[in-house]
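Let me begin by presenting the structure, written as C-alpha cells, before commenting on it.
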Number of protein chains: 2
Amino acid sequence: MTPTRRVTSSDVAREAGVSRATVSYVLNNTPRQSIPESTRQRVLAAAQELNYTPHAAARALRAGESNLVLFINTGVPYGVNLSVLLDTLTAEVSATGRSLVIWQQRDPADLATTLAHLQPRLAIALGELDDTQRALLAQARIPTVETDLGRDPVSPDVGTALQIQHLAGHGHRRLGYLTTSQPELERFTVPRLATARSTALELGLTRPLVYDVGPHLPEVSVDALASVLRDWTGGAEPVTAVACYNDICAAACIAAAPRAGLEIPGDLAVIGMDDETMSAFTRPALTTIRLDMISFAEHLWERTSAALENRPEPGLFSSMSFTLVERASV
Amino acid sequence: MTPTRRVTSSDVAREAGVSRATVSYVLNNTPRQSIPESTRQRVLAAAQELNYTPHAAARALRAGESNLVLFINTGVPYGVNLSVLLDTLTAEVSATGRSLVIWQQRDPADLATTLAHLQPRLAIALGELDDTQRALLAQARIPTVETDLGRDPVSPDVGTALQIQHLAGHGHRRLGYLTTSQPELERFTVPRLATARSTALELGLTRPLVYDVGPHLPEVSVDALASVLRDWTGGAEPVTAVACYNDICAAACIAAAPRAGLEIPGDLAVIGMDDETMSAFTRPALTTIRLDMISFAEHLWERTSAALENRPEPGLFSSMSFTLVERASV
DNA sequence: TTGTATGCGTTATCAC
DNA sequence: GTGATAACGCATACAA
C-alpha cells in the first residue's frame, strides 16, 4: 500500500505530452473546442493508463455547484415502499449524471453540518422540515422539494379514499378507523384521517369511529385493541369494517379480532394500506392498498428536476397509481 | 430571490477589517496562532452577521480529503433493522464532525460516478462488493469496511445458532429450514444455512431438511409451502420444528401450516429471525430472534473508525446482543 | 493548442 | 505577540 499521490490532470497532460487545458477539453468533450483525433486518442489513452479520475472537490469549486442531490429522510420508518422509492430515485438521478445521497435525520440541527459538507445542488425532503431548516436551505439557495410518501402535496389522498370506497362498495355503512400518534408520522396520519372522514361523508356513511393505537407501532396492545373492537361492534349500531392507517395497524387488528370473538371478514372487514411484504401472510390475508412507487418516484423526480431547470411544475400525480390489492380480509 | 453571491471569507475579512488569514485562524481556533480577544470578537461578529459558511468544496480541495462517510447498500431490503442501523450510525458519525451519506446501489458500475462526486473519506458496505468495486475503492485509497447485517465477518453467526438451540431446548430433534434464493441476500442466506446445519450437528440433531421458498419473498406460494410442510411432517420421522431465514419466511410458514392441517406450535414449532414489526401480530405471535442493532451499529463504527485512524481492530461483536423474543410459535 | 486567471479556504513564512 | 502576504490544491474556460 504505497501512499501514492492522487493522479491529477497534470499527470495525464505530461503523459500525453500536452497541456492540462487540452486534457480538460478532450475529457469533457468541450463543444467549442476542436481537437484533432490523434491528440484526442493520446489523451484518452494516457487517462486510461493512469486511471485518472477528476477531483470532485476541485471540479465543484470551479463549477460553483455540486452534482449531488440530497434526500432528507426526516424519520419515516423504512419499509418496502420507501425502499422502492429510494431505489428508483437513485437510478433516475444517476441517469442525469448526478448522485442521489440519502441523509437520515436524527437531530434536525445537524442539517447545517450536512449541508456544509455536501453542498448539494438540490434537496428532496420526505416528511416535514422545520422553519429553521427551510431557512437554512433557502439561505444556501438549495432548491428543495418537500414530499409525502405517495402523496403529492397538491394531489388528493387517493389511497385513503380508495379504502373507504372499497368498504362502502361492500355495503359497510358504519366504519372504524385505526390511526397512530407517532410524532414523525403526523404528516401522514392527519391528512389520511381527514380524507377518511370526508370520503365517508361524501358516500353518505356515518362518521367513522376513531381509535389511536398509540405512538409506538411495535408496542400496540392487542388486548386493548380487542376491547375497542368489542365496544365498536357491540352497540346498537355496530361497526362492520375497519380502515387502517397502515398494514401494521391492520395486522394488529386482525390479531385482535379473534380475542373479541370476531371473525374476519364475516363479523368485521379490515383493510390496510401500503401492502407490506408480510401482509400477504396474515390470516386471513390482508386486503390493502398498494401504491406504484416506481411511478411516484418518477413523478417526484419530474417535479424536482423541473425546479432545478426552472421549468413549469408538472401536473398532479396520477391517481391511477393506487391499486386495490384484494385478498381475504374484506 | 436575489441571486446574491455566496458569502466568502473575503467578505468576512472586509467586514471585520482584517485579512482572510485572520478570519481563518479565528474560525478554526488555530492553536499555533494567538489572536487577541478583541479581534476574535470582531471576526466572529462579522461571520455571524453575514451568515458565513465555509465552502465545503474549497475546504475539501485544500485539505485533500472530505468529511463524508459513504454507506453503500448493495441491495439489502429495508426493514426495521436496517432503519435502526442507519439511524444510529448517522448519529455516531455526525458526532465526529463527519456526515454519513447513504448510497442505494442499483447498478454496481455507478459506484465510480458516485465516488467521483462524493470523494468519501471512508466507505461502509452492507452486502458484498464485486471485485471491480473493491479495486475502485482501493485505487481511490478509500478505506472500506464490508459488513453483514448483525454479523461481524469474524464473529460466529450467533442468531441462527440461537434459533436452533432454542428449538432443541424444546425437545425438537428433526428440523426443517426455510431459506430464500434472492440473489442480493445470498451473502446472508448462505452462512445462515451453514450455521443452522453445523449447530444441529453439534447438538446431535438430524440434518435439517431445507426448502427454498424462491427468489422473491413477496411472492412465496403459501400452497406450495403447505405441501412441503405436509411432506416434512408426514413421514415416519416427522419434522416438528422449522427455523426460518427471516420473519417473512416464518410468516409464510405460519400461514401455510393450517392448510397442511398443522397447528402451531402443537404440531409444528416455527421460529423467525429479525423481529419485524408485524411479527408481533401473526397468529400465533411469532417467536423470533432480535438483534440489538444499536450496539451493532456502535461496534461497526468502532471498527470503521479504527480503520480510519490506523488503530488496531476492536474485538468481536458481542454475542450478547442477540436475544430470543419468546412469543407463541414455539 | 497553450498560457493563465479563477474559484475559496488554509497555512507556512515573514514583517512589524 | 499580532497579523499580513503568498502559495497551494485541482479543474475549467477565456484569450491569445
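Keep in mind that what you see is a predicted model, and the values were worked out from it rather than measured. Within every chain, numbering begins at 1; the chains are lettered A, B, ... in the order of the sequence lines, protein sequences first and strands thereafter.
Annotation for A/Leu85 and A/Phe296: closest pair CD1-CD2, 4.0 Å, computed over non-hydrogen atoms. Contact record, B/Arg134 with B/Leu129: NH2-O, 3.1 Å, taken as the closest heavy-atom pair.
In this structure a side-chain-to-backbone donor-acceptor pair under 3.5 Å is present from B/Thr144 to B/Ile142. Under a 3.5 Å cut-off, the side chain of A/Gln133 and the backbone N or O of A/Asp130 do form a donor-acceptor pair. Side-chain atoms of B/Arg98 do not come within 3.5 Å of backbone N or O of B/Val93 as any donor-acceptor pair. Listed for the B/Thr88 side chain is no donor-acceptor partner under 3.5 Å among the backbone atoms of B/Ile294. With hydrogens and angles ignored, the 3.5 Å screen pairs no side-chain donor or acceptor of A/Arg20 with any backbone N or O of A/Ala13. Put simply, the side chain of A/Asn81 gets close to the backbone of A/Asp274: a donor and an acceptor are under 3.5 Å apart. No side-chain donor-acceptor contact under 3.5 Å links A/Arg40 to the backbone of A/Asn29.
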*Should A/Asn73 and A/Phe71 be marked as a side-chain contact (heavy atoms from CB on, under 4.5 Å) after you check the CA-CA gap, both sets of side-chain angles, and the distance that decides it?*
CA-CA 6 Å; A/Asn73 182 6; A/Phe71 186 95; 4.3 Å; yes

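Residue A/Thr22 is classed as a base contact, given a heavy-atom separation below 4.0 Å to a base. B/Val23 comes within contact range of no nucleotide atom at all, as no heavy-atom separation falls under 4.0 Å.
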Please list, pair by pair, any protein nitrogen or oxygen found under 3.5 Å from a nitrogen or oxygen in nucleotides 4-7 of chain C.
unit_1, atom_1, unit_2, atom_2, d
C/dT6, O2, A/Arg62, NH1, 2.7

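Applying the salt bridge (charged side-chain N to carboxylate O under 4.0 Å, His left out) rule to B/Arg14 yields the partners B/Asp11; only residues at least two apart in sequence or on another chain are considered. By the side chain to side chain contact (heavy atoms under 4.5 Å, CB included) test, A/Ala306 pairs with A/Arg311, A/Pro314, sequence neighbours left out.
With a heavy-atom cut-off of 4.0 Å to chain A, the contacted part of DNA chain D has its first and last nucleotide at D/dC10 to D/dC14.
Contact check of residues 39-55 of chain A against DNA chain C (heavy atom, cut-off under 4.0 Å) returns A/Thr39. Heavy-atom distances under 4.0 Å link DNA chain D to B/Tyr25, B/Gln33, B/Ser34 of residues 24-34 of chain B, given in residue order.
With 3.5 Å as the limit, one finds a donor-acceptor pair spanning the side chains of B/Asn28 and B/Ser24.
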